[in-house]
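Since the structure comes first, as structure tokens, the remarks are kept for the end.
Labels below follow one simple rule: chain letters A, B, ... track the order of the sequence lines, proteins then strands, and each chain is numbered from 1. Because the structure is predicted, anything quoted here is derived from the model rather than measured.
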Amino acid sequence: MRVVVQGDVGGLGRLAEAVGAFLRAHDLPAETSYAVRLVAEEAATNIVRHAYPPGRAGDIDFEILLAERGVVLRFEDEGRLFDPTTAPPHPPEVVLETAQVGGRGIPLLRAYAESLRYRREGRRNVFEIVVPAVADPRASSAET
Amino acid sequence: MDFLVVQSDEQRTVVRLTGSLDAVAVTRITMDFTRHVAMHRKATVVDLSGVEFIASLGIGMLVANAQALRRHSARMVLADPPKLVEQTLRKAGIDELIPIAHGPAEVEALLVG
């Protein structure tokens with residue numbers, strides 16, 4: 001399934017609808033479906049918030065498919081170069097008063113995805129995420 | 001995403017969120033949520049039992065409101081999140097910042113601290 005949406009809040013909603021339609025069409029475990037929704041949301045939100053200047057939203061070219069290695073989500077945009085795989089880790093926080101309000105999107109991507117791959121192709125960011133068929137690869141070592 | 005104020009008095013605020021707390025929902029409800037939670041400056045229970053999905057922007061909304069309450073010596077407790085939602089909160093480290101409670105007795109104990 002492939003959709004092209006505007007890189008704004010409305011586009012996030014349409015992308016979420018596309019992910020929902022994909023998940024309804026495939027009989028995936030609840031944890032996998034949840035993980036797919038989450039990584040799609042976080043990756044697309046990153047593009048909306050960081051790739052394009054305010055008021056100049058470009059497109060997000062989104063593709064999702066079920067492969068042998070799991071659910072593959074691919075995002076392409078023409079925003080500024082941004083490699084989520086090299087973003088610094090979110091610091092551990094135990095004090096509410098000084099905690100960051102944001103900055104948890106990429107850590108959640110890392111927590112739920114089996115692999116994150118980024119490359120720059122010309123003027124395009126290409127970001128690919130694989131969510132295993134079982135949501136947490138650390139919870140099951142058997143590959144079927 | 002639905003947002004309902006269940007209780008609002010001198011002692012506490014109880015709010016219930018239902019549905020998906022994703023970027024679209026957060027954009028829609030943040031101002032209303034903050035008006036009923038942070039600006040009330042009372043101990044607050046956020047009932048998450050009806051939330052089926054939460055993403056980082058939803059988590060950020062909870063953290064910002066909990067911080068605002070803390071500045072006025074008021075606590076927030078996250079009550080009864082479903083399993084998958086609780087997993088997300090814990091993976092994000094939110095349980096270190098805002099207590100997560102299951103059942104009225106635990107909510108009460110954590111709210112008074």
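- Ranked by heavy-atom pairs under 4.5 Å with chain B, the first of A:V94, A:V95, A:T45, A:T98 is A:V94.
- Each of B:L57, B:V63, B:T88 was compared with A:R104 under the side-chain contact (heavy atoms from CB on, under 4.5 Å) criterion, and only B:V63 meets it.
- Proximity of A:V101 to B:I59: side-chain heavy atoms (C-beta onward) are nowhere separated by under 4.5 Å.
- There is no path of hydrophobic side-chain contacts, each under 4.5 Å, that joins A:V126 to A:I60.
- The choice from B:D95, B:V85, B:L62, B:I98 that makes the most heavy-atom pairs within less than 4.5 Å of chain A is B:V85.
- Placement of B:I54 and B:V77 in two distinct hydrophobic clusters is found when ILVMFWY residues are connected by side-chain heavy-atom separations under 4.5 Å, directly or transitively.
- Counting heavy-atom pairs closer than 4.5 Å to chain A, the top-ranked of the candidates B:A68, B:A66, B:G93 is B:A66.
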**OP:** Tell me, with the steps shown, if B:E52 and A:R37 meet side chain to side chain contact (heavy atoms under 4.5 Å, CB included).
**Re:** CA-CA 11 Å; B:E52 60 178 27; A:R37 282 186 71 186; 3.7 Å; yes

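- At a threshold of 4.5 Å between non-hydrogen side-chain atoms, the residues A:E31 and B:K83 count as touching.
- To the nearest 0.5 Å, atoms CD (B:Q67) and CD (A:E97) are separated by 8.0 Å.
- Of the residues considered (A:V9, A:L12, A:V48, A:L38), A:L38 shows the highest number of contacts with chain B, using heavy-atom pairs under 4.5 Å.
- Residue A:L96 is not grouped with residue B:V107 when hydrophobic side chains (ILVMFWY) are merged at heavy-atom distances under 4.5 angstrom, including chains of intermediate members.
- Here the CD-OH distance, from B:Q87 to A:Y34, works out to 8.5 Å after rounding to the nearest 0.5 Å.
- More than 12 non-hydrogen atoms from other residues, nucleotides or ligands lie less than 6.0 angstrom from CE of A:M1.
- Shown here is A:R124, whose CZ atom has more than 12 heavy atoms of other residues, nucleotides or ligands within 6.0 Å.
- More than 12 heavy atoms of other shown residues, nucleotides or ligands fall within 6.0 angstrom of atom CZ in A:R120.
- A single hydrophobic cluster is seen to contain both A:F127 and A:F62, as judged by linkage of ILVMFWY side chains at heavy-atom distances under 4.5 Å, directly or through other members.
- More than 12 heavy atoms of other residues, nucleotides or ligands sit less than 6.0 Å from atom CG of B:D9.
- Atom NE2 in A:H90 sits 10.5 Å away from atom OG in B:S56 (nearest 0.5 Å).
- Cluster membership for A:L23 and B:F53, using ILVMFWY side-chain heavy atoms within less than 4.5 angstrom, is shared.
- With rounding to the nearest 0.5 Å, the separation of CG in A:L15 from CG in B:D22 is 11.0 Å.
- Closest heavy-atom contact between A:A30 and B:L84: O-CD1, 4.0 Å.
- Shown here for A:A99 and B:L97, the closest heavy-atom pair between the two residues is CB-CD1, 3.7 Å.
- Contacts of A:E93 with chain B are made by both backbone and side-chain atoms, with heavy-atom separations under 4.5 Å.
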